[in-house]
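Below is one structure, written out as structure tokens; the observations come after it.
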Amino acid sequence: MAVWWRNISSLRRQLSYLYSRDIAPYIIVQQSGQKIRYRSTLRRKISDAAPDIRRANKNITNLIRNGRLEDARELFDKLTHRNTVTWNSMISGYVQQREIVKARYLFDEMPQRDVVSWNLMISGYLSCRGKGYLEEGRNLFDEMPERDYVSWNTMISGYAKCGRMGEALEIFEGMPVKNVVSWNAVISGFLRNGDVKTAVEYFKRMPERDSASFSVLVSGLIQNEELDEAEHFLYEFGECNDGKEDIVHAYNTLIAGYGQKGRVGDARRIFDKVPSCSGQGISKKKRFERNVVSWNSMILAYSKAGDMVSARELFDQMTERDIFSWNTTVCGYVHASNMSEASNLFSKMPNPDVLTWNSIISGYAQAEKLELARDYFERMPHKNRVSWNSMISGCERNADYEGAIKLFRAMQQAGEKPDRHTLSSLLSVCAETVALFLGMQIHQLVTKTVIPDIPLNNSLITMYAKCGKIHEARAIFEKMRFQKDVISWNAMVGGYASHGFAFEALELFELMKFLKVRPTHITFISVLNACAHAGLVKQGRLYFKSMESEFGIKPEIEHFGSLVDIVGRDGQLEEAMKVINSMPVEPDKAVWGAVLGACRVHNNVELARIAAEALMRLEPESSGPYVLLYNMYADAGRWDDANEIRMLMETNKIKKEPAHSRGILVGQLFHEETPLTQALTLLITLHDRQASNTSYLLDCKSLKEATTRVSRTFPPELSEKRSKLIRMENVNIDANGPTPQHEPVEFEDDAEKLIHLLTKETEDLDSISIVGMPAWCTSSQTNNMTAVIDMFGQVAVLDSFENAAEVTEKETLLPELRESLFAQCISAQCPLLSHSLHQDLPLMDFMLLSFLIFHYFLINSSTIYASLPFPKQSLPTKSGYLTVNDTTNSAIFYAFYEAQNLTTPLSQTPLLIWLQGGPGCSSMLGNFYELGPWRVSSSHRQNIKHVALNPNSRSWNRIFGLLFLDNPIGVGFSIAATPEEIPRNQKDVAKHLYIAIKKFIELNKSFKDRPIYITGESYAGKYVPAIGYQVLKKNVRLPVRSRVNLVGVVIGNGLTDPISQVATHAANAYYFGLINDKQRGQLELLQEKAISLAKNGDWSEATNARSKVLNTLQNMTEMPTLYNIRRHKPYQNHLVAEFLNNVEVKKALGVNETIVFEVCSKVVREALHEDLMKSVKYMVEFLVKNTKVLLYEGQLDLRVGLVSTEAWVKRMKWEGIDKFLEADRKVWRVNSELAGYVQKWRNLSHVVVLDAGHLVPHDQPLNSQAMIEDWVLEKGVFANDQIENWSTNLFDVL
């Protein structure tokens, strides 16, 4: 890092000087030995430039400096004459903004380049993250006609930053003359990669050193936690620097390093060694004095240590302060929670920046002074995303959920886009308010705006779990694959435990231990709660003991409380008291509450009094213990004791708090009370009032009639309005104590009132959903009920109750519903509810209204799936994972099928590699739906859907080996350790594929000699050329035995040169007779927009524009699919996902059972979004010169068909292209039947497959099999004696 900051102040002055003379783009980093040379070059360039060009160049440079890059490009495009300075200026602007694609486009278009042009592009590539950019930079470096210091040093630094010190040293040793920057770059690289010893050796070997050398060494040693060694070298070699010029930077680095490690005393010792002024007899060393960075570093060290007294003392002593000085001190006070001093100092700042404002806002929010935080936020002159996030997060932490939502809306209106932190805070709001609908909206926003990282996925899991959507939470958990952390596991285990899924929680906990994920104290709270809900006393004790014995976690009060709950629920009340007496801390209200609840269940009045009295001491103002103890005395007939409790309440002035209802309108969170919320409160109250009267069952029929009348009288004008979800909880109309037994209920009056309230409602609604809990349910019952509500559709929809009423009138159906409900509750381990079904408790009738709708649709429209087992004979010869990154364990899944009928020795049998398109689709689609030896199919018998495998006699492995690779990582069963590791371009795709192919070849010695053909379709029109290009380039540098024996590539319906191909859709559809001339013109305008965006390097928008072209075409034609214009419905590739998500199938293939298989991954597609419109035509041009190439298209494909392929083929830069275009198209027959047409010349063959769409092997299995076999074996129409000797020609070309 220090290499790039060397002489920064000097560099700024020089750049300012150069910009004023229109030559800034020529200088990136000034290095010794090249300044004079550049100046002579620049003088020559400027003298040759006309005054108008010089003026235009200066304007372009000024626009770029002011951040107006688009305006600079517009001026650049208007120029009729440009010189090298013009081009370099524009390229420099793009490089500075990391828009490397646009920079490369201009670089390729330059009529004449100089060394600065090359250096700009190399530095641009190396400044971007990703190995593909590094390789592109190296390619440019190798192609440079001449190099200078900048060229060499940039490449050294680039390789060093990526940890590839071997290549860095290779460049370093190859330098004709090395300068001090070269040495610094190598030393920095070794230190960056932890090789301190080698770095020190090179430092000692340096022929000369500058101040940057010391800074590089000191900062590197600090990063490697060698602070004492850094100080030693600074003293030893610093004394040799007579002028001490800028050596203070190294001292500042050491001060900061000591401060970061908490060694404040050592930091102060170094600080005191640096003189505070230039007097005091230090004439020769006048530049060795403290600067503002020295003071800031020491203040920061004190702030990190929490010593704000010393920090403020230094701050007050400073004669010169910068913005960092103020920010460091203010932030120090904020972190020390001293907001009064922070605010006082903030008020004295001359010009506080956005960082200071954000620190104050965050500090007040953390101090629970939200109004002050909001006041500062409103007064901010300029807000950034961090400002909004700080306020939203502050509202969430302080339970101001309505404020958080309002701020988010204001943030959107202000044009600020949310990031992961924003969305995570909003999901926490949804979780705390149980706002499911809003949470689902935020989830959609997540998928559209960001690639979820681990914390964001954890927030999603927590939100869905707390909202009762436990299955959705598990789906997200599974999609995280190997990216889970312990918080992910805790969220999922806790979700299961809190919703009554005890056994699922414990099963997941055991899996967690098996996978060596170390649990935390939070994990054990959930595990013990699960044991409590399931009544697993023995298991709960074992888990409690294992906390300390197995994991070294000392039980805290929450764990003791859970253990008390476990034994108490089992009736072991004396054992519960023993646990309490053995606790190392005083029991809290949760512990005594568990005891009191257990006493209530098991009717232990004496122990209940002890627990209640303890709760009264802990919560003297709470009425709960009094009321519960009063009820227990009353139930036992001990009225004297009961009256004593009531008198005690009066003496202590304890009043029972009236119960209440709380409604949350998700569309308008915390909306004021409306007639609708009143109506819904009354509706749920009807449940409670009837349920509290335990002498008879809830009158379900009357309630049904009431809700049916509501449905019929609901205002029709509201039917087209947007829906909102209402959650009602804690409902109870009891305001004065226990409800008297047999209290009469005037149901009809309440129903009339309900109808009246609902018909008055004017909110924008088209449906109302209710989630409610009976007030008489205990906390343990609530958990089970929530799980069952979730399992059966979660909610009762008022405007669907009429259908429910029709179902209930079928008397013969109702028992079936009861039995089905009972069976499904048993499978979900809901003991309370399943017990209620047999005992006819009110809970059954309460839940019935919610369940009727679910069962109505289930019985009338549901299809039952039954997946057959994986036949043994259909198993791959080999399947598993090929690791492409040994550090992260990211891996490509493969399935290999050996040839069924060998016609040649195995070592000579061709091996086909199949890659699927997408981007982001799994090769298992090709395997089980197109060309594999077994194809998935479905059938219906007695309303049961059977998904099974059937033999495919037209498989491509009839006489060849066939290997399917799930590419890129993150697709299908393949594994991407992090979303960031998923490739973003074809070079990264090719790197992973190359590693995977090499590792596959190593599995069997015979694979090394087998001829390899890489094949694929659709987006593999990019994958195939990319890996073919990579293989042939690598082969040149490798010995023969280490090469991949690639002899041909095959591309089917491939997207290879999108700019050419997108221009063909309108004409193709027009000549198919699918659109008229007007529609053709409309499509052509959209095509031109996509092409223009791509040519300007706006790849993301170009991809969106292409999608609009295809969507418009499909809307115009109303085709079920553009992939095959004769199909009456889309391809049924979902069958592959249904089959592969079978647990037995996963076991047979050797993949993790928890992986949720997707045919196409949205995450991978999003990662390659900007890659979609980029061309790989040049790779095909390279391949066709050096190996066999087969292109084939289905005749009926309207997306990537024949016309689109011919559009780019005729533009190929290949010496044989004219001969190919002049070649006759031959008729191709299979078994005497017309199959298509073939056009070929030497290495290039092009096939049109009749009556086939995008998935040719699926649509024409026999003909596609014949095509691949004849082409590989050079038979029939593919016979050709003029194939180029590619194995020799390749080395000539390279």
_Counting neighbours of NE2 on H602 that are heavy atoms of other residues, nucleotides or ligands and sit closer than 6.0 Å, is the number greater than 12?_
yes
*Do W388 and F408 have their ring centres less than 6.0 Å from each other?*
no
*asked:* Does E368, at its CD atom, have more than 12 non-hydrogen atoms belonging to other residues, nucleotides or ligands within less than 6.0 Å?
replied: no
*Report yes if some heavy atom in the side chain of N344 is under 4.5 Å from a heavy atom in the side chain of Y333; otherwise report no.*
no
*Any side-chain donor near an acceptor of the partner, N338 and S340, under 3.5 Å*: yes
*So do the side chains of E402 and I405 get within less than 4.5 Å of each other, counting heavy atoms only?*
no
*State whether a side-chain donor-acceptor pair under 3.5 Å links S343 with Y376.*
yes
*asked:* Side chains of S425 and S428 only: does a donor on one sit below 3.5 Å from an acceptor on the other?
replied: no
_Here's a test for you: under side-chain contact (heavy atoms from CB on, under 4.5 Å), which of F509, F503, F501 qualifies with Y496?_
F501
_Taking the ring centre of each residue, are F524 and F544 less than 6.0 Å apart?_
no
*S362 versus S390, side-chain donor and acceptor atoms under 3.5 Å*: no
_Does M492 form a side chain to side chain contact (heavy atoms under 4.5 Å, CB included) with I470? I'd like the steps, not just the answer._
CA-CA 8 Å; M492 199 65 243; I470 199 69; 3.8 Å; yes
*Which residues pass the side-chain hydrogen bond (donor to acceptor under 3.5 Å, both in side chains) test with D565, sequence neighbours left out?*
R569
